[in-house]
Structures are given as C-alpha cells and as structure tokens.
Colleague: 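I have a structure I would like to understand better, so I am pasting it below and will then ask my questions one at a time.
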There are 6 protein chains.
Amino acid sequence: MQAFPDDPAPPMIRQHNRRPDEMRPVSLERHYTRHAEGSVLVAFGDTRVLCNATVEDRVPGFLYRKKRGWVTAEYSMLPRSTGSRTAREAVRGKQSGRTQEIQRLIARSLRAAIDPEALGERTITVDCDVIQADGGTRTASITGGFVALADAVGWMLKRGRITSDPLIRSVASVSVGICGGTAITDLDYNEDSQADADMNVVMDDAGNFIEVQGTAELQPFSRELLDAMLRQAETACSNLFEIQRDVLSPD
Amino acid sequence: MQAFPDDPAPPMIRQHNRRPDEMRPVSLERHYTRHAEGSVLVAFGDTRVLCNATVEDRVPGFLYRKKRGWVTAEYSMLPRSTGSRTAREAVRGKQSGRTQEIQRLIARSLRAAIDPEALGERTITVDCDVIQADGGTRTASITGGFVALADAVGWMLKRGRITSDPLIRSVASVSVGICGGTAITDLDYNEDSQADADMNVVMDDAGNFIEVQGTAELQPFSRELLDAMLRQAETACSNLFEIQRDVLSPD
Amino acid sequence: MQAFPDDPAPPMIRQHNRRPDEMRPVSLERHYTRHAEGSVLVAFGDTRVLCNATVEDRVPGFLYRKKRGWVTAEYSMLPRSTGSRTAREAVRGKQSGRTQEIQRLIARSLRAAIDPEALGERTITVDCDVIQADGGTRTASITGGFVALADAVGWMLKRGRITSDPLIRSVASVSVGICGGTAITDLDYNEDSQADADMNVVMDDAGNFIEVQGTAELQPFSRELLDAMLRQAETACSNLFEIQRDVLSPD
Amino acid sequence: MQAFPDDPAPPMIRQHNRRPDEMRPVSLERHYTRHAEGSVLVAFGDTRVLCNATVEDRVPGFLYRKKRGWVTAEYSMLPRSTGSRTAREAVRGKQSGRTQEIQRLIARSLRAAIDPEALGERTITVDCDVIQADGGTRTASITGGFVALADAVGWMLKRGRITSDPLIRSVASVSVGICGGTAITDLDYNEDSQADADMNVVMDDAGNFIEVQGTAELQPFSRELLDAMLRQAETACSNLFEIQRDVLSPD
Amino acid sequence: MQAFPDDPAPPMIRQHNRRPDEMRPVSLERHYTRHAEGSVLVAFGDTRVLCNATVEDRVPGFLYRKKRGWVTAEYSMLPRSTGSRTAREAVRGKQSGRTQEIQRLIARSLRAAIDPEALGERTITVDCDVIQADGGTRTASITGGFVALADAVGWMLKRGRITSDPLIRSVASVSVGICGGTAITDLDYNEDSQADADMNVVMDDAGNFIEVQGTAELQPFSRELLDAMLRQAETACSNLFEIQRDVLSPD
Amino acid sequence: MQAFPDDPAPPMIRQHNRRPDEMRPVSLERHYTRHAEGSVLVAFGDTRVLCNATVEDRVPGFLYRKKRGWVTAEYSMLPRSTGSRTAREAVRGKQSGRTQEIQRLIARSLRAAIDPEALGERTITVDCDVIQADGGTRTASITGGFVALADAVGWMLKRGRITSDPLIRSVASVSVGICGGTAITDLDYNEDSQADADMNVVMDDAGNFIEVQGTAELQPFSRELLDAMLRQAETACSNLFEIQRDVLSPD
C-alpha cells in the first residue's frame, strides 16, 4: 500500500529515546518449553517469539538417500499477538502469502548455518510462533531460531546421534529502514508503518551477507541510503552475535 | 483406539504422589500479553495455555440486529507443545475434528457465563493456544478462558462500553477418569493414555453442570464409577472457583 | 446459542401424547440396499437414517501390521432432510464441526462393540446418511449402525473371512433432556430446540456406559436432574436392546 | 479408459431377457420425504435416486433484480450406493469432475422446463442423491427430478406464491448405447461397462432434443449407429412422459 | 441460463461474410515452445490455444503394471484471454465445473487416437492453455492437441523410446449450432452467446463419431436440425483432417 | 537447498559468449492479445512472459471510498514452460509460496510507478503468465509488466477515463549474481542453478532502488561482491529503461 507523497516525513523521535542506530533490548531465554530439542523465547523489545526446534530422523522426498539433512521453518502469529485480532490461518484454511514468504526466509537463513552432510539424514524444523508482535518478528525469529537450532544440535551431539558438529556459522538478523531521510535500526511496529523504506538483513558472524531484502514502501531510495542501511545492519548484527555467544556459552 | 483387555490395569501410582482426587498445581497469570483485552496464561501442572480474549463491535450474521452479543472460542496447539511434533493445521489447510470439537466445547462453556443481552451487539473471542501440553488442555482452557473473559468484561465496564455487568456465573472445568478401577482427578498425559474412561466436566459456581462428556476408552463404565467421577469433579471445580476468585479479587 | 432466561419453560405436552419417558416408535429395516455388507434403515419416529456397513481388507496407517482391525463411521445429512435446505458439505468443501463431532461419536461407540483382534486386519466403515431429520439423528445412527455392523460381521462369518465372532457387546443410544424442569426421553426436533439441557447416552447391553454427553443449552442443570436423565436413558436403552435382538434373531 | 480392440463384442443377452429397446421397470414415488416442497424416489430397475426440490425466495447474484427465477441441481452418490465404497466428497473436500458434469447436465435439463419470468425471483434447487446405483443415475435423476420440480411448482401455486404456471414442457431422459454392434436402451451398470459407446439423451414432450451427449467408449461409432440410438431414445422418452403423466395426474 | 422466448432469432449475418457452413481461418504452428515434446499454437480465427504435450515414464495408479499407457489433458484460460478478466483458478483454489468438463472431453477425445498398449507404461499429458478466446476453445484444443500428441509420438519414435507407432487415427473437432433456424459451423463468441443450440462434435478421419455434445441453449431442437448440424460437422472435420495432414507432412 | 562446499566454482563461460555484465537480447512486443487494455510479450533471451494489464472500476475493500486506486499482479508458469512439467496450481488447489512471493514482488514494484490518487478508484491487475522459462521470469515480468501498465494508462487517458497521467516513474528489473567469484548480469536458468548468490534488483529511471532481494544460495557473500552486483544492476536497468522508452515512443 504505497503512496508517494511529496512532503518529507517529520524528523523521527524514537520511543524510549533510542538513537537511530540503537537496537531495542534483546533477550534470549533457552529451554522455554520442555518437549522441544531446542526451545528459545526471543524478545526484541515488545516483540516476543517462541522458537522451537524439532529433530526428526527423516528427510523430504527430494533428499531421499542423498546422505544429507535438511533445515526448515514454519512461522505463525497467534491471533491476538497483534493490536487487533488477526484471523487464524488454520480457520481460513491456508497460510497467507506473507506467512509463506517469512517462513521461507527464516528457513533459507537457518539452512546457511548447517553443513547438511554432517547433519546426516535428519530434518530440523524450527517453529517460530509470535506470542506478541511489535515489529521485527522475522528478524527476531531468525536470531532466536539460530539459538534453538544450536540447542537441537547440542542435544544430538550429547546423545551421540551425530559425531561431528554440523554448525558452520552463526546467523543473526536485524531490520533497518529509512525514516525522515535517516537510516534507523530495528524498527518497531509504529516506525515500520511510517518508514519510507525498510530492509531485513541476515548476516553470518564472519560479516558476510546471507539475505538482503530491501523494499521502498513510500519512496525509492538512493544508493547512499542503501549503503547507510547496510552499515547499520552490519553493526547491529555484530552486536547480536555477542548476545548469542553469551547465552550459549554457559552450557 | 479401543481394546478391551480382560486384565485390570495395574494399581496406579500417580506422579509426585498425587492422591486420586488431587489436582495438579494450578496457576493463572493475568495480563500476560499486552494487546488483548483479557490475557491469561493458565497452568494445570505442566500444561500451559495462553488464553486471549478479544472484544469486537460486531456479531455473526445470525445475530444481526438481535440486540444480543456472542461469545466464541478457538483452540490450537503449537506444533511442538507435544512430545513429538504435530503438523501445523494452517499447513494442512484445515482444523482437525478434535480441534473443532474442543473449541466448540470451550465456546459453549464460556457462553454460559454471559448474559448476551447485557453484552450487547459485541463478540468476545477467546483464543486458547496451547504452549505446552501434558493432558487436560481443554479443561485448562475453559478455566483460564473464563478469567480472560472476565478481564475483557472488566475492560469494557471500565471504559463505559457497557453499563451493566454481563457476567452471570463463574465457569470452571476439570477432567476425571478411571484407572485400575479407581476414579482419579485431573489426569496428566500419561494417565490419560492409560485410563479405562475419562470425563470432562464443566460446572458453574452454584454447583450445577454445564457440560458432562464421558467416554469409555478401554472399558464401558458402571453407574457407580460414573457417580464417583462426578463427585470428584464437583470437589475439584469448587477448588478451581476459589483460585479464580483469588486471582480476580485484587483488581 | 444460549440464553439463560429466568422464567421456567412452560409445562411440556409432547406430540402424540408421549409420556416423558416414552420413546418414539422405533423400526429397523435390514437389507435396505443391495451392495453394502450391512444395510439398515433405522427410524426413531420421523427421523430416518440409512446405515450402510462396508468391509474392506485394509487398515489405517497407524494399525499397519498390528494384526488388529478398525471400525470407523461417517455421518451426513441430505441437504433437504431438514426443514429448510442445508448446504451440501461437498460443495462447501469441508465437513462442519458438528458433522465431525457426530461421526467421531458414532465411530467410538461402535468400536466398543468389536474386539479388534478377532476382526483381524480389516476396516468396517459405517456410513450414516440422514434421509429425514426430526431430532436424535446421532442416537438413531448408533442404534441402527450397530445392526448394520452386526450384519457385516455375519456376512464375514458366513463367508469364512473370519472364524471367531468379533462382536463382544450390543450398543444402543438415546437422547434425554430437560424441558420445564422434567426429564424427557428421545427428544424430537421441536423439543430439542426448546430444551434447557440435553444429553446423548450410549450404553451396552450389560447396562454400562460407553458415552455420556450432556450439554446445558439454556440452563445449567443440577445433579438431581442429571441423575433423572441417566435413569431414563438406562430404561430406554434396555428397550432398544430388545428391539435390536428381535430384528436380528430371524436370520 | 479406452482400448480399441479389433474383435467385436459378443452378442449381448440382457438381464431379465430385456429386448434391445426395452427399458427397465420405472417407478416414481412422490412425497417420499416430508420436508421438501417436491420429493420423489425414482427407480430405473435397481437404480434408485431421491430427488428433493427446494423453493427459496432468492436468486443467484447474476440474476439480482432481473425479475427472473433460477433452477439448479446438485448430485451426489451415497458412499455405498456402489458395489465397492466410494469416498465421500465432503471428506475429500471437493466434488469430482464427474459429479459436477452430471449436476450441470441435470440443472440445464430441468431449466428447460421452466419459464424463468413466470417463476419470479425464486430459486428451485433439485437435489439428486443416489441411494443405489446400477447405471443410468443421471437419466433417472432428470426424469425423477422433473416430477419433484412439478410438485414444487404445484406447492407454490396452491399457496398462491405464484399465479401463473411456470412449467412450459415436460422433460425426461434415457441412456442408449451400442453393444456388439446393436443399439440398446437404458443400460444397466454391467452393460454400461462393456458398451462400445453410450449416449444420454434429454427430450421434451414435443419430441425435441434438450441434450445429446454421446461418447465412444471403446470404438468410434458410425452415423448409422448414431441414428439408431437416437430413434430408440425417442421411443423410450415418449414412454417416460406417459409414466410421468400417470403419476402426476391423481393430484 | 436459458430463456425460451417465442420470437425467432433474427436472420444471422456472420462476421467477415462467412457462409453458414464455413469455418474461420485455421492455423497450426508446430514447435511453438522449446521444452515440450509436442508444442502447437492452434488458431481458429481469433481463438488461440497453446497445446503442449509432455511425455512421462509413469502411469496413474489404476494402470500400475498393466503394460498400458495413458493420455490425459488439462485446460485453462489465461485470466485476460476473455473480454473481461476471469479470476485465476489457482487463486480461487479450484478448477471450475466448466474447466473440468472441458478437460475431460479433450482427454477422452485424444485417448481415442492412441493404442495404449503400443504406448507402453507412459503418460502423455496435453496442456491446453487459452491465450485468446473467441468461441470454440475446446474444439481448437482437441484439433491442435492432436497435432501436439502426434509430435510427442514422433519424438518418442525418433529416440527409440517406442518401436511401433501408437497413433491409430486422427482426431479433430468443430462446433456447430443453430441461429435463427439455420445450422452454422464453428461459432465465434458472439454467435455462441446468441445461438438457440450448439453442439461440439469430435470425429475421426474415417468419418466416425468420438463425441457428440449438443445442448439446447434457448430452444429445444428438432431431429431435422440435429441432422443438419451433424452434416455440417462432418464436412468441417474432413476439412480439418486435411489441414492436420498438411502441417504434419513436411517432417 | 544449500550446500557450502569449500572449492570455488569453476570459471564461468557464458552461453553465446556473453560478457559478465551483458544482458541477453530483450524484446517487448506490445498489443500481443486483443482483449487486455495493455498486452505485452516480453523476452529476456529464451524467457518469454505474457503480461496483460486489466483496468477495472473497483478497488479492494481496504481502499473503499478512499479516492485512491490500486495496482496488483498475479504470476503463473504454464505447466510446460519448464524443462520438466510442473503441476498446475489450479489442480493442486493453491498457489505455491514461490508463486505468491513473486507476484507480491511484481505488484509492489509496479505500484511504485503509479500515483494512486491520480488513478482514482480503479484497480489495474497485471497478469504475468510465463510461456517459456529460462531464468529471470520475475525480472522480465516486472520490466514487461511496466509497459503493459503504461499501455493500460494510455488506454484510460485516450478514453478520458482519467484526466491526469498517474504514471510517476518507469520501473525495470534485472537479476545479478555471483558465479566463481565474479558478478554476472541477467542469469539464465543454467547459471542460476550454479550461482553462489543471486539478487533481483528493481529500480526506477532516476537511478533509485525499489526492491533489492539478495540471497546466498551456496555461500554468504561479502560487502564487496554485494557492491559489485549492485553496480552491474544499475547499468543493466539503465539499459532496460532505454528499451522501454524506444518501444513506447512510436505511439
């Protein structure tokens, strides 16, 4: 739903006086539920997503007998995770285009963290269920989903299901955008709905890019602003990798 | 999936040394998420259900211009709320018969708590999403859903949306069953899968019955055992009404 | 759709001067169609249901190689079995929650009649198609479905498909309810739509309970009224077992 | 599933010594169920179809405010109307191509019997549910459906819902086919599965054609055989119009 | 949508001064796309259909290990092949009854051209996608689909996949109809929407009939007009066989 | 389906000796079909997509009475546009996640070209149907869809449906990727399936970005390679704008 108004957006004052390049408080709570092999409640500010990783000894048909594993993801919002109630997709009888696009992004991103041959003929499914939404649910899902994935890998290693560690890199994600001509980091819902453009960036801990998805919402953006967004994403992701390392280290 | 073996089930020793008529620890955490008009995380032991009540100024078609409101419910289990992963209903494209049966039971039960004329032309939808399952998800949903419903009513009263209180009774629910010839209260998953029979009972705080749903799983049950189950349900529900009153009183 | 009015329902005068505990005329016509292994047209008054039992030499996946059989059921109303036309479920693209709930009840009830090991790796499907509806379609379906099931078992025994009789008990069902403070038996459509509460009871011929499903439609009901309904159901079912025996004996 | 073998089919001996141009016994039982405005059980030999006509005071969107009525039809086979059980379309979640093709044919045929302006802004839906199938279910449905339609029209005239009779012609239908080089009339299931070709013909009582649907199943057919089939269809339909007149006259 | 008005249709003047028995210009462009084993763009006047034939080394379940092949077809209209946009069936979630009826007709017709035993355990799927519609899309699909089928057969013969030619006859199709009491050939969209009746005829190159599907749209038609339509169809099909031979000969 | 092999890809020799930054031959054929308000056949090498723009005087519900128009898009591949046949989405009953993701991208991109207020309460739907696929179907769809959109706008202006031109910028798109450590432009299917990374870039004719969607397929990519891909995309799009201008100028 784009309009391309002529007047520039007003200078943005962020909630809680956040600086343009400042993320919201991030937390990662491991072992949140007891059944899943990896279970992490991730919060980016008021956005809270439960990421559960499940290990199963089977692979999709196209990998049958290829001696390789698979990582996939599903995404869903609880009906009242949002300001007004969203109809339940199970009742409507199908997942929306938005849902499918997001879960394909999460799955591709997490797949980059795993060596499929070391995983062996197993599937890890990461379910990302949004308990409360305030912008950035897909980037929180990827960042928290990585920790759930790491826990599921640890679960397999501890039980001797696999002998070499299939984790080949860390993966984290953040959104960046343009408001009032300025690049900002980690948009909340209110900022997201006013932004001229926004971009979801998925990176690895070597500073390389796994996904870059930028969209002009209200105004096409220049190469300069694209570069500014990329720089802020690089900084934020390096911050997220530190948080992931901290929370994973005690084990 | 019934078999009717001749040998009686072994004498049941309950986890944590529960007595036959003893419920698991019950907790009700209000205001669990911030968007819903009523939001309660209910726990019956390891079973945890998030109950969110949403108020909307519209009614289904069959109540159009009848000056009456409506209460409905939806139920879902997160894919990994269970011991092994359950396929997501939004992906399969429809709700299972079990899901529909449960959400119809929750909705009928909560409807009994409300005077539809005092509610006016509004719908309250109670979403019950199972975060972690260990038996009794439908009885926990009804018991916690009532508190979310009461909070949604309080939200309307505080804002002057309605002037008279539409809550006409409290509603709570518990499961009872027969194991090894003995009636037991509030079955966990393990007990439920071994029980000869189980019954979900929904009551009001005047000691009357709203729903009674008993099923012989492995063995038809006598009138005597039916009466024993009903007695234990009466005791347990009166206990649940006390917990509901406690948690609702501070407001 | 519950309202809980204060004024008691008027004293009930039943059609054809039925006593409160009197069933409508019941008939069971065997061999109604020629293809099915068991085919019974059951009538409870104006309610007429065609119950066809089909024997197939396969079992659902979860019973694969378990040396056990399965009994299942499907239920449907012809579009004009009702006073106004009901949309065809095949056109709407799915079975309603009510349909699924009813067919799950019929299936569980009939499963109680069969020893799955004596049945062997076979499935018996009982299709209950309502030709004309006037209340009590699910209880008529169970009562008539049992006779169709017995005929399908007889068909297998006569042909030597099985050598020991898998029928371990008879199953019948009746509805009871509360109208104007009085318990009544076998409600017709008109009574059902005015009742304060109704209950479907499934029993075996030893006087034990297989299913008890009671619902307060307009008013929660006391333990006393619950007991009164159960007593009337016990009497009516014992009557139904006699009718089943009569109709099955001539063979 | 066509094969085009070189050897001619063996000379056909019809069941019950039917002559090639002889129909099976036809019966039309009116007022078969009590709710529908027209309700007819039609039998062509062992084929039995329940045709219920429903009158509703509404029209589909494309006729909104056009002062014209609509006639439509739906068709379904009970799962065990056939020799082996057919999966229920409501369970599979959609009507098959065959079902849709047949109900479109029935609807077009019955529409030819009605002046839509005299009907006024009403819809008549004719539900054709096959109780038992032995070939010719679509031609029985059209022939019986016409009588149900006439009864629904009579119901409207008697109640003054319409003042002029919208019935403008009678409609009946029969199948013809080619077996062993000979044209035969009203094929039963066994004949239908061996026929080289078959054709469904719908006619009016003035001897004109409403639908002609001929299909080469095993062998393309010559113009001579096509003419022979059409002649036999003309004879059989004129017979059916007499039976329809007889059954409709007593009223 | 039939009305049966009393006044005869006005004398028809056809576009481009076509005679009543004259077809529109027909063209068949082979090798239209590069991936399909047979790819033909067929035009009947402004009607343009892309027919792609695909060879696959598998058969449907009911032919498993029967040493026979299968020919099937699918049909679809591009959303804007029509004067106003038609909703995409993939978006609505199902194929319409009309689509299924047409693709079943195309498949049956093309099946008549093939000896399934000579084809061996292979499936040929002919996809008919309407690029531009102006009446007669199903007859163009059959006529062009036959050439795509022949090319797919040639592709298999050239590569030695099969050793004997499974093509046993040519198949072509044309529509005929009645306008203003006159039989006309190959109706365009405008004629089709005014015709009293129309008929699709599928023939083989020996002058026999494979399918005859005639429908009275506005007026039941006499045997004389039926015969006139059949004669014109015979002439037109013999013309189409010549065009098919010409286009297939250069290879 | 990612593997992250250690060995670098072999030096890439492109088909037809394309340079790394060279596009395939691009053609845009306007007025390809006669019904649509804009109809363009676009080719990027062997990739051919038919883009039809439809103007309708209605808007989706969320724009009702907002005095603004809407631009949307749908995307589909003909079953045999690909090397092996892809199942038809209308038959499978839903659009794949890939299809929805692509059509959402096309729609957002084309929306950027239009001032919704100047369009008024109208919807323009751009249908992109892939006739033949060889990589880059989404970028060809956007580039050709823009010309169809411009033609639909011209159609409205010529007829006085709108008075001011709602086209505010030109939009074009190209894919870029990384093969063997080198950035390449406009990948064909073969290149796409071997690339380490690929990116779809949508730009406007002022050199700003509308969409940037980069994905690491086999290897996360550095900021340097990201910058190289962006530079080549800028060059290629400026080339595409010239071709668009040429083809649109003669009118």
Side-chain angles (χ1 to χ4, degrees), chain B residues 1-5 60 62-63 68 70-71 93-105 107-109 111-117 168-169 171 197 199-223 225-227 229-231 234, chain C residues 1-5 60 62-63 66 68 70-71 93-105 108-109 111-117 168-169 171 197 199-223 225-227 229-231 234:
Chain B
M1 275 171 272
Q2 295 160 317
F4 288 79
F62 62 86
L63 284 182
R68 301 176 56 184
W70 187 242
V71 175
K94 61 174 180 179
Q95 295 185 299
S96 70
R98 176 186 175 276
T99 291
Q100 290 188 64
E101 199 169 312
I102 291 175
Q103 68 193 12
R104 284 159 57 91
L105 170 67
R108 281 198 311 271
S109 299
R111 223 129 56 210
I114 290 283
D115 171 0
E117 283 168 29
I168 51 178
R169 55 176 64 83
V171 172
M199 186 157 67
N200 295 294
V201 177
V202 185
M203 300 191 71
D204 71 8
D205 51 348
N208 291 319
F209 293 86
I210 293 167
E211 291 275 341
V212 176
Q213 297 203 337
T215 295
E217 296 290 350
L218 294 176
Q219 202 68 272
F221 49 87
S222 66
R223 180 66 192 272
L225 282 169
L226 172 54
D227 286 342
M229 287 192 285
L230 288 168
R231 268 193 308 274
E234 288 169 316
Chain C
M1 279 167 267
Q2 295 161 316
F4 287 80
F62 63 85
L63 285 182
K66 296 246 167 80
R68 300 176 57 184
W70 186 242
V71 175
K94 61 175 180 178
Q95 296 185 297
S96 70
R98 176 187 175 273
T99 290
Q100 290 187 65
E101 198 169 314
I102 291 176
Q103 68 192 12
R104 282 159 58 91
L105 170 68
R108 282 197 311 270
S109 300
R111 223 134 49 215
I114 291 282
D115 171 359
E117 283 168 28
I168 51 177
R169 56 175 65 84
V171 171
M199 185 156 68
N200 295 294
V201 178
V202 185
M203 300 190 71
D204 71 7
D205 51 349
N208 291 319
F209 293 87
I210 294 167
E211 290 275 340
V212 176
Q213 296 204 337
T215 295
E217 295 290 350
L218 294 176
Q219 201 68 273
F221 49 88
S222 66
R223 180 66 191 272
L225 281 170
L226 172 54
D227 287 343
M229 288 192 284
L230 288 168
R231 269 193 308 274
E234 288 169 316

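Values reported hereafter were calculated over all heavy atoms of this structure, with side chains retained and with hydrogens, waters and symmetry mates removed. Naming convention: chains lettered A, B, ... in sequence-line order (proteins, then strands); numbering from 1 in each chain.
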Colleague: Applying salt bridge (charged side-chain N to carboxylate O under 4.0 Å, His left out), name anything that partners B:R223, two or more places apart in sequence or on another chain.
Modeller: B:D227, C:D227, C:E234

Colleague: Can you name the closest pair of heavy atoms from C:A216 and B:F209 and give their distance?
Modeller: CB-O, 3.9 Å

Colleague: Any idea which of B:L226, B:D204, B:T99, B:V202 has the most non-hydrogen atom pairs under 4.5 angstrom with chain C?
Modeller: B:L226

Colleague: Heavy-atom pairs under 4.5 Å with chain C: which of B:D115, B:V212, B:N200 has the most?
Modeller: B:V212

Colleague: To the nearest 0.5 angstrom, please state how far the CD1 atom of B:I210 sits from the CD atom of C:Q219.
Modeller: 10.0 Å

Colleague: For each of C:G214, C:G97, C:G207, tally heavy-atom pairs with chain B at distances under 4.5 Å, and name the one with the top tally.
Modeller: C:G214

Colleague: Roughly how far, to the nearest 0.5 Å, is CD of B:Q100 from CZ of C:R104?
Modeller: 9.5 Å

Colleague: Would you mind checking which part of B:S96 comes under 4.5 Å of any heavy atom in chain C, side chain (CB onward), backbone (N, CA, C, O), both or neither?
Modeller: backbone

Colleague: Give the minimum heavy-atom separation between C:N208 and B:P220, together with the two atoms involved.
Modeller: CB-CB, 3.6 Å

